[in-house]
Structures are given as structure tokens and as C-alpha cells.
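We count ligands from 1, going down the list as the structure has it; atoms in each ligand are counted the same way. Throughout, numbering of the chain's residues begins at 1 and tracks the sequence.
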Amino acid sequence: MAGTSWIKTTCPYCGTGCGVEARQRSDGTTQVRGDASHPTNRGLLCSKGSALGETVIEQGRLRQAMIKGHPEKLERALDYAASRLSQTIAEHGPDSVAFYVSGQLLTEDYYVANKLTKGFIGTANIDSNSRLCMSSAVAGHKRAFGEDLVPACYDDLEQADLVTLIGSNLAWCHPILFQRLKQAKLQRPEMKLVVIDPRRTDSCDIADLHLALRPGHDVDLFNGLLAYLADQQQLDQDYIEQHVDGAIDAIDAAIAQAGDIEALAERCGLSVAELHQFFQLFAASPACLSLFSQGVNQSHQGVDKVNAIINVHLATGKLGKPGSSAFSITGQPNAMGGREVGALSNLLAGHLDYTPTHLSALADYWQAPQLAQQPGLKAVDMFEALHSGKIKAIWIMGTNPAVSLPNASKIREALLACPLVIVSDCVQHTDTTRYADVLLPAAGWGEREGTVTNSERMLSRQRPFVEMQGDTKADWWLLSQVAKRMGFGEAFAYQHASEIFAEHAKLTNLLQDSEPRGLDISLLAEQGQAAYQDFVPVSWPLGSDSPRLFADGSFSTANGRAKMLALQQLVLPQPKPGQLLLNTGRVRDQWHTMTRTGLAPQLGSHSSEPLLDIAPIDAQSLGLSDTQLVKVSSEQGELVVRLRVSDAQTPGQLFMPIHWSEQNSSVGTVSKLVGETCDPLSGQPAAKYSVVELAALEFLSEGSVLSREAIDGRRFASDIYWCEQKLPEGYLYTLASVQSPAEFYQSLKVMLTENGSQTLDYRDDAKQQYRCAAITGSGLAFSFELQAYASQGDQAWLESLLNQPVSEQVQRGILAGTSPEPSLGKVVCACHQVREGTIEQCIEQGADSVEAIGRSCSAGTNCGSCVSQLKTMLNREVA
Ligand SMILES: Nc1nc2c(c(=O)[nH]1)N[C@H]1C(S)=C(S)[C@@H](COP(=O)(O)OP(=O)(O)OC[C@H]3O[C@@H](n4cnc5c(=O)[nH]c(N)nc54)[C@H](O)[C@@H]3O)O[C@H]1N2
Ligand SMILES: Nc1nc2c(c(=O)[nH]1)N[C@H]1C(S)=C(S)[C@@H](COP(=O)(O)OP(=O)(O)OC[C@H]3O[C@@H](n4cnc5c(=O)[nH]c(N)nc54)[C@H](O)[C@@H]3O)O[C@H]1N2
Ligand code: SF4
Ligand SMILES: [Mo]
């Protein structure tokens, strides 16, 4: 398949759904660029999208099936998986089996997994990591609109007068949408942006107002807004009368809850002036777009938060109109496709529900012998059932629950105890694949083909541009083969993804005459394989003049009217004196558990270690300082992590990223600290709100190892702090130890020179400085540097020596711990790999704006994600 032609496909990361063009170069490497013809990104890509080529590599790929850690023929692994599943069902019934799937599967994979589980195995114990991601939005939509429908489209970003980001760090998590927003604001400076987020994020850079809301108080705030709009007679009474039920109760409840504005401000942790400013903006702006994401969904009352937002849009008629809507921005590339095929335990395919009519129509369509009749277990309950032994077999596909589910230590216990764990993944070593009895090699991005649906209901194709490696197979194929071996061959005789797509598309037409639903893509069912290959991005409702839903005010409820809900702010557990609230989320350049973005060196430099952000005043009162290693503990567990003092944090609150795991750091996963409390309606974990304590720890030495080969972190002693970062030619390990520098030097040297390599050594016991390097003809094999804790030097300059001959002068530099050339420091612009030193030089030479820096060294000119850092550097130089 290797060739020079560009293949149009879609980015496998966020729910923005950018079009990508990719091709394999003759040397086997992959080149990517933004697809200029894709309506979403119009040729742009963010840092993660731009680095996709570096992730299509052999390294780390799972290319072979394994049974209990031993390579096996694929056929044999499929036989084994199928017979063990059948045996479990025969002995313990269908509900003893579960499937845990992912919003990163393609629609075709998702459809087959759902059909096999619910229709043929006969259990609804299939849930998706989307439970952790947008199940609160699904439930909120169903309550308000009668169906899980997203009214808005991306063009609304350009047409709004007021955009409000609620619990969304769009700048980092949906960078191309943020670029569109930024562009729109440049063109129409009168357009306003409000960010509602307890911490100051990069999304605040272009905001007119940032409300650092008290965590969890969104219902309070939006109830307050509704009460204000009622008080100011800013409601759209005509719209309410014609299209909305429940308005009076909802408004009364909001007024009763809001009370006077001083009390409301106090509860929300905001000033009265801030509240007024936001409320007035909402009232005065004809077109209001409220974008929400995990700060809303992952909460004790995520569904209520969703409805509190939708309430104000319904009450003002600001919904389904150009620039006006509540807009759930989905995280994963195919979260929306998953909802279309109904692969959450409480949904059915094609937006059908567990009602007798729907169940019988679906059973008939699938010719399903034993369609599950009731919703199955939601993710957290599913793993609880695994832990208690009720579930005896699980197939995990396209997700890494040992890292991403709350109370991760318990999840690991559950996986360890479960008699049959099947994992299909494209990566061999993850914290979850460790527990696999059967490991199946899944095709990855670049090899697999199918469709995905983005946040605005737009379907795009993922297309293969490289051959599948080794025994890798598409997830739908693996599923169908197991289905066949379990005796369901006829219903899973698919030869090509296009056949599955057609079956799924046709299904969305079921019962449309008697019970119409917004989702109907059946027109695409007849297109055939050739059209499937040529598929151009299209959004539903198909054939409609408007890309929006509910423009005419008619909804999917029985009486066609939307519903406002009477809501009450929940009283949340408060930290006791000495405790803090832990918030978790994403960094700019990494994707989830880093199994893919972790492979791209250019993405590792922006955040090279998992840092725990703390407000200056909290650090001070706890006697902790920037870069110090601390112990964080919660009821669920504890971990050791580096502190970063940041004035973006509100006092009393901490923030830690979710991406690291035991594969790349001793910190492991932040999910070990997160409890299992979920929203009672959606079952989505409250991952942004954990009560924790901090304690200082004593380390005596620290340093770093630069190594051409990866070091298995399990070789470090258990009391050593370590974190791995991939470099273009090797790896960098940041280390700290409870041993003295001299002792640590000895033990590290023994560990690294096991093969007896010659080393250059430098030790200064008085100064407690130790350096050691092993040099081969082709460059440095490894080098390390250790010193007393909290006196770490800069080793960035050594990186370039991993792949070039090392001169004697440079050897002296290694031992002296100084570069013969001045160091350029950390990478700021990931896309163009521009380091701090280069940017500082540009500024010194007169670059006085972000644009001027871009002109002189290209920093900030591709995805724009580093622009805020460039601004900070400009301000620093000026000051
Ligand atoms: N770089 C990058 N981008 C990604 C991903 C990634 O892993 N990396 N993952 C994708 C996925 S699957 C998802 S779901 C999205 C997530 O995208 P986002 O939801 O934008 O990202 P998060 O960082 O999880 O959380 C968003 C914000 O919610 C805030 N928050 C916390 N508590 C509250 C609260 O009580 N109220 C309010 N209003 N805000 C609160 C947090 O401080 C945080 O800044 O990102 C997608 N895009
Ligand atoms: N504390 C805390 N926890 C969270 C969150 C948070 O904000 N805070 N966010 C939650 C959210 S919103 C999400 S979406 C989850 C994400 O969490 P996960 O879904 O667990 O994270 P990923 O790293 O995306 O896992 C995807 C896995 O699928 C594999 N994979 C990639 N492509 C394919 C393929 O084509 N086929 C197969 N079979 N496998 C493939 C990857 O190698 C990887 O192992 O985390 C959730 N957990
Ligand atoms: S914004 Fe970035 S990560 Fe998201 S789809 Fe576009 S290129 Fe991919
Ligand atoms: Mo997500």
C-alpha cells in the first residue's frame, strides 16, 4: 500500500473530528497534513494531529495474539477466547460476561460489539469509557429534549455574540475549535467569551471574563442566571408557551434557590460584580452559545448541571438557532458514533429504548435469539461486579481502565481476580494489557477503516494508508470471528466494514413512521461499497437545510415539547481543615494514557512530568515549595508527585493531569486517588472532585538518566521516584531517591552497566555531585547525573549527543556537567520544536509580539497552542 498518494482520513484523537491527509513515504515513515477540504478544520491541525505520523511506528505495537503472556497463533487465541466465553455463559448465564468498549472504536466496531453482546450473548453488560466522558450529557439531553440530540453545529462558534465555556479547556482539548473561536473574535471584536472554570486555563487567554467558580457549583450559578433572567423579564414567553413544559416549576425552583445575589456570589466563590457581568452579557446577547465538557459532565450532579445550562437556553428561546444553543462538546473521536449504535448499557442501537415495541423491532431486525430486555451495568458498577466475582469474563477494547477508571487500585484487583480478561489493543504494554489472559492485536489508526461521528453530528471516514502489521485485525473482525466460534456465524458474516455500516444505517430507520427520532441516517444504507470508499463528510439530519436541530421548536418528546427541570444545587462534601480538593484533567500535547502520543518525542516536551498544581498560598501555608516531591493521599490511595506552584490555581484546590501510568512513571495514575462517587442518573464518575491531603517527603538525592534504550521502570527500586520522557533519539528519566547521592550513584551504576560497558566517571563527595557516561562509537549510550535533592542541573543539552560522535571536548563537558554550547532549554513550540532559548533570543533581538516571534523562528505558527506561553515570555522580558 506504500505509495505517494495522499489518503483522506480523520484524526483519531478528539471529538473535533479534523480531516487529515496521510501518506507513507518510501522509507516507511508517515507524513500527515490537515485536509483543506474538510469543513471542520479547513487544513489546520493541532500539535497532536500534526504529530500523528510519529505514532504510526513499529515500536510498542502489539502484532501478535497472546495467551497468558505467551505469543499464540491468532486462530488459536480466537478459539480460546470464544470457548471460554461460551463456557462461562453456560455455567453462569449471560450476565456473567461483560464488554467494556470505547469512544475510540469506529462506528462499525462499536456496532458489532453491541450487536454481539445485547442481541446474541443476551446481556446488556456492555458499557463504554464514554460513561466517564459524556453520559451525563446523554441523560441531560434525554430529559430536556426526549432524545440524546446535540442541537448545535460548529458554525455557531462564528455566529454567536456570547460564547460561554463551562468546564471546558477548549484551548488544549479541542484546539482547532478554539482556533476557530479565536479567529471569529478577531473578526468580530464585539463578540464576547466567558470561561467558567475553577482554575485559570489557557482558554482564558482570549476571554472577556473568567469566573473561577467554586468547584461543583454550576447548578447554583445557572439557577442564579435563570432567576435573574426572570427578574429582568428577559425570558422568551412566547417560545416557552409554544415549545416548553415545566418552565414555571423550574423558574420557581431557581428563584427559591438563588436567594439574594450576595449569598449566591458567596456560595459560588465569585463577586457580585462578576455575577452581574455574566448575567447581563447573557441577557443582552441575542445569540448565546454555551459549550460544556468535563467540568460539567464528570460531577456529583453532572446531569443536573447539563439541564441547568439547557434550562436558560429554553427559557430564552436561545436554542437551535444560528449562534445560539447549549453545546455538549464530545471528547473522544467517536463518542457520538457510540451513541448512534447504542453501545452504552442503558441505550439500544439507533436511539431505541428498552420499551417493548423497540425491543421487539430490534430483535426482529437482528434476528436476535435472546435480545437483552433490561439495561446492563454501568462502568463503575460493572467493575464492582468484576471485583465481587459476579462477572467472570470481560472483553476490554480500545480503553485502558487500569488507568482511567476511578479507584484504579481496586480496578487492578478486579482484573487480577477475574478468571477471563480479554483485551484487544494496538499497543502491547499498557497497565491494562498486563492483566490480559487473552491479548488480541487490533488494527490501529492508519490501518483500520470505518466511520466516526464528531461533536456536531458529522460523519467522516477513517481510511487505511498502511498495511496491517503482523496478525493485527480490525476490532469488528476480531469480534465477528469470536461470534462465529460461539455459534452466531450467520449474523456476523461481514466481509467488509461497509456492510456493517449499511446495516447500522438502515437500523436507524426502524419505527420512524410510528415513533420518529432525530437520528435517521438510513439514506446512507444503500450507497454500496464504492460510495463508502468515496464518502465525503456529511452531518445528520441528512438532507436538511439546517445543520442544527430543533430550529422549529419541535422536540423528540411524546408531545413534541422540550422540558425545563426544577433543579437544586447539591451540598457537596467539603474538605476538612488541612485537606484540599483535587481536580483532574488534560494537558495540551498528550492524549489520555499516552499509549500513542507518548511515542512522539515532540509531544513530550511541553509537559514532561505529571505535576500537581497548587496555589502559592497553600504551598506556603503547608511549607511546600515549587518542584518539591510530595505525597498526596485520599481515602482510595496515595502517590508521590512533583509540585508546581501556580497562580492559575484557586486556593484550596489542586490540579493533576490524567495521562501518566506505571508504564512511564512511578507516580502511576491519578485515578488511584479518585473515588467511585457517580452522578446518580448517568453513572458518570465525579472525577473532578476528590478530597486529598498533602505531606512533604524526604528525598536525599535526585538527578536524571539519559539513555538511548528504554529502561523498564520496574527495574528501579520501589522507593525511587522516576519519570520517563521520550526524546527523538532516546529517553530521559528524571529521578529522585531516599538514598544519599553517593549510594544512589553506586546502585544506579550497577543497574545501568549490567552488560559491563565502559564508563566515564566523575565524583565529588564534598559537593555531592556524581556523573557517569557510557559512550560508544555512535554516541552516548547513557549518561546520568546525580546530586543532593533540590539542586538539579540542566541536562537538556546532552540530548543531542545520543546520535552523534562525542568529541573529547564534549566528554570533558559531560564530566563537568556543563555544555560547551549554551543550552536552549525546554521546547515551547511542539510543532516546530522551538526551544525557550531561541525564543528568548528572538525577543532580545526585537520581536515584540507573538506574530514577530513567529516570523523569526516559526514558534506558534502551526497549531497556536503555545501562543499563551509566548505571551508570558514576552511579558516576562518586558518586565
Ligand atoms: N490534549 C488533549 N485533548 C483532549 C483529550 C486529551 O486527553 N488530551 N481528551 C479528549 C477527551 S476524551 C475529552 S472528554 C475532552 C475533555 O475536555 P475538557 O473537558 O475541556 O478537559 P478537562 O481538562 O477534562 O476538564 C475541563 C475543565 O473542567 C474544569 N472543572 C473542574 N471542575 C469543574 C466544575 O465544577 N465546574 C466547572 N465549570 N469546571 C470545572 C477543570 O478545571 C478543567 O479545566 O478532551 C478531549 N481532548
Ligand atoms: N481522574 C480522571 N479520570 C478520567 C478522566 C478525567 O478527566 N479524570 N477522563 C475520563 C475520560 S473523559 C475518558 S474519555 C477516559 C479515557 O481513558 P481511556 O479510554 O482508558 O484512555 P486511552 O489512553 O485513550 O485508551 C485507549 C486504549 O485503546 C488503545 N487503542 C487505540 N486505538 C485502538 C484501536 O483501534 N483498537 C483497539 N482495540 N484499541 C485501540 C490504546 O492503545 C489505549 O490502550 O478517561 C476517563 N478518566
Ligand atoms: S483538534 Fe487536534 S486532536 Fe482534535 S481532531 Fe483536530 S487535530 Fe485531532
Ligand atoms: Mo472523554
Side-chain angles (χ1 to χ4, degrees), residues 10-18 20 34 40-41 44-50 52 62 102-106 109 129-130 132-134 165-170 172-179 195-199 201 203 211 213-218 221 292-299 305 329-333 335 396-406 423-427 430 432-433 440 442-445 447-448 454 474-475 478 583-597 653 655-659 661 669-671 673-674 685 687-690 863:
T10 312
C11 175
Y13 300 129
C14 82
T16 303
C18 295
V20 174
T40 299
N41 54 318
L44 296 174
L45 290 179
C46 77
S47 53
K48 295 181 295 301
S50 304
L52 270 168
L62 173 65
S102 164
Q104 293 169 69
L105 295 177
L106 302 178
D109 305 317
N129 63 354
S130 285
L132 321 177
C133 187
M134 31 96 291
L165 300 182
I166 311 145
S168 150
N169 184 7
L170 205 70
W172 281 11
C173 296
H174 300 88
I176 295 303
L177 295 183
F178 190 71
Q179 290 305 319
V195 176
I196 302 174
D197 193 312
R199 56 185 193 122
T201 62
S203 302
L211 300 180
L213 179 71
R214 188 187 304 278
H217 274 262
D218 304 71
L221 179 67
F292 63 90
S293 187
Q294 301 313 340
V296 169
N297 295 338
Q298 289 172 343
S299 312
K305 285 185 179 186
I329 288 291
T330 48
Q332 298 184 88
I396 297 165
M397 208 177 300
T399 177
N400 193 356
V403 184
S404 55
L405 272 174
V423 179
S424 39
D425 205 297
C426 49
V427 168
T430 74
T432 300
T433 59
L440 296 172
W445 186 77
E447 302 159 353
R448 59 183 194 171
N454 73 4
D475 288 293
L478 296 169
N583 176 6
T584 59
R586 287 145 178 88
V587 300
R588 194 188 77 188
D589 291 347
Q590 294 298 349
W591 177 260
H592 295 163
T593 69
M594 290 170 71
T595 63
R596 288 168 294 159
T597 46
Q653 300 170 30
F655 178 83
M656 191 172 152
I658 58 173
H659 309 288
S661 71
T669 172
V670 70
S671 297
L673 301 174
V674 176
K688 302 263 182 274
Y689 196 101
S690 309
C863 76

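The side chain to side chain contact (heavy atoms under 4.5 Å, CB included) test with Gln104 is passed by exactly one of Asp109, Asn129, Thr399: Asn129.
Rounded to the nearest 0.5 Å, atoms OG1 (Thr597) and CD (Gln590) are 4.0 Å apart.
For atom 13 (C) of ligand 1, the closest non-hydrogen atom of the protein is Gly331 CA, 3.2 Å. Among protein heavy atoms, the minimum distance from atom 46 (C) of ligand 2 is reached at Leu132 CD1, 3.6 Å. For atom 35 (O) of ligand 1, the nearest protein heavy atom (residue, atom name, distance) is Gly216 N, 2.7 Å. Atom 20 (O) of ligand 2 has as its closest protein heavy atom Ser404 OG, 2.6 Å. Nearest non-hydrogen protein atom to atom 23 (O) of ligand 2 is Thr593 OG1, 2.6 Å. When hydrogens are left out, the protein atom nearest atom 44 (O) of ligand 2 is Asp425 OD2, 2.6 Å; that is the closest non-hydrogen contact. For atom 18 (P) of ligand 1, the closest non-hydrogen atom on the protein side is Ser293 OG, 3.4 Å. Here the heavy atom of the protein found nearest to atom 7 (O) of ligand 2 is Lys688 NZ, 3.0 Å. With hydrogens left out, the protein atom closest to atom 21 (O) of ligand 2 is His592 CB, 3.3 Å, a heavy atom. Atom 8 (N) of ligand 1 has Gln590 O, 2.6 Å as its closest protein atom, hydrogens excluded (heavy atom only). Looking only at protein heavy atoms, the nearest one to atom 29 (C) of ligand 1 is Asp197 OD2, 3.2 Å. With respect to atom 24 (O) of ligand 2, the closest heavy atom belonging to the protein is Gln104 NE2, 2.7 Å. Ranking protein heavy atoms by distance to atom 33 (C) of ligand 2, first place goes to Cys426 SG, 3.7 Å. When only non-hydrogen protein atoms are considered, atom 34 (C) of ligand 1 lies nearest to Gly295 O, 3.4 Å. Scanning all protein heavy atoms for the shortest distance to atom 47 (N) of ligand 1 gives Cys173 O, 2.8 Å.
Residue Ala443 places a heavy atom less than 4.0 Å from ligand 2. At least one heavy atom of Trp591 sits under 4.0 Å from some atom of ligand 2. Within the structure, the closest approach of Lys48 to ligand 1 falls below 4.0 Å when heavy atoms are considered. Using a 4.0 Å cutoff on heavy atoms, Val587 counts as a contact of ligand 1.
On a distance-only criterion, His217 and ligand 1 share no N/O pair closer than 3.5 Å. Considering backbone and side-chain N/O atoms, Leu170 never comes within less than 3.5 Å of an N/O atom of ligand 1. When only interatomic distances are considered, the shortest N/O to N/O separation between Leu213 and ligand 1 does not fall below 3.5 Å. Inclusion of Gln332 in the set of residues having an N or O under 3.5 Å from an N or O of ligand 1 is not warranted. Residue Cys14 has no nitrogen or oxygen atom sitting less than 3.5 Å from a nitrogen or oxygen atom of ligand 1, judged on distance alone. The shortest N or O to N or O distance between Asn169 and ligand 1 is under 3.5 Å. Checked by distance only, ligand 1 and Ile196 come closer than 3.5 Å through their nitrogen or oxygen atoms.
Of the candidates Asp109, Thr584, Asp475, Asn583, Asp475 brings a heavy atom nearest to atom 37 (C) of ligand 2. The residue among Thr399, Val403, Thr595, Val670 with a heavy atom at the shortest distance from atom 25 (O) of ligand 2 is Thr399.
Considering every non-hydrogen atom in both Thr330 and Ala335, the closest pair reads CB-CB, 3.9 Å.
Applying the side-chain hydrogen bond (donor to acceptor under 3.5 Å, both in side chains) rule to Thr10 yields no partners; only residues at least two apart in sequence or on another chain are considered. Under the salt bridge (Lys or Arg N to Asp or Glu O under 4.0 Å) criterion, Asp218 pairs with Lys305, not counting sequence neighbours. Residues forming a side chain to side chain contact (heavy atoms under 4.5 Å, CB included) with Cys863 (at least two apart in sequence, or on another chain): Cys46, Ser47, Cys831, Ser865.
At a heavy-atom distance under 4.0 Å, only backbone atoms of Trp172 (N, CA, C or O) approach ligand 1. Here Gln298 has no heavy atoms under 4.0 Å from ligand 1, in either its backbone or its side chain. Of all the heavy atoms of Asp218, the ones lying under 4.0 Å from any atom of ligand 1 belong exclusively to the side chain. Only the side chain of Cys133 comes within 4.0 Å of ligand 1, judged by heavy-atom distances.
Between Ser102 and Met397 the shortest side-chain heavy-atom distance does not fall below 4.5 Å.
Excluding waters, the protein N/O/S atoms found under 2.8 Å from atom 2 (Fe) of ligand 3 are Cys46 SG.
Numbered from 1 in the order shown, with element, the atoms of ligand 2 that lie under 4.0 Å from a heavy atom of Arg586 read 7 (O), 9 (N), 10 (C), 11 (C), 12 (S), 13 (C). Below 4.0 Å from some heavy atom of Gly17 lie the following atoms of ligand 3, by number and element: 5 (S).
When atom types are taken as modelled, the side chain of Ser203 and the backbone of Leu170 share a donor-acceptor pair closer than 3.5 angstrom.
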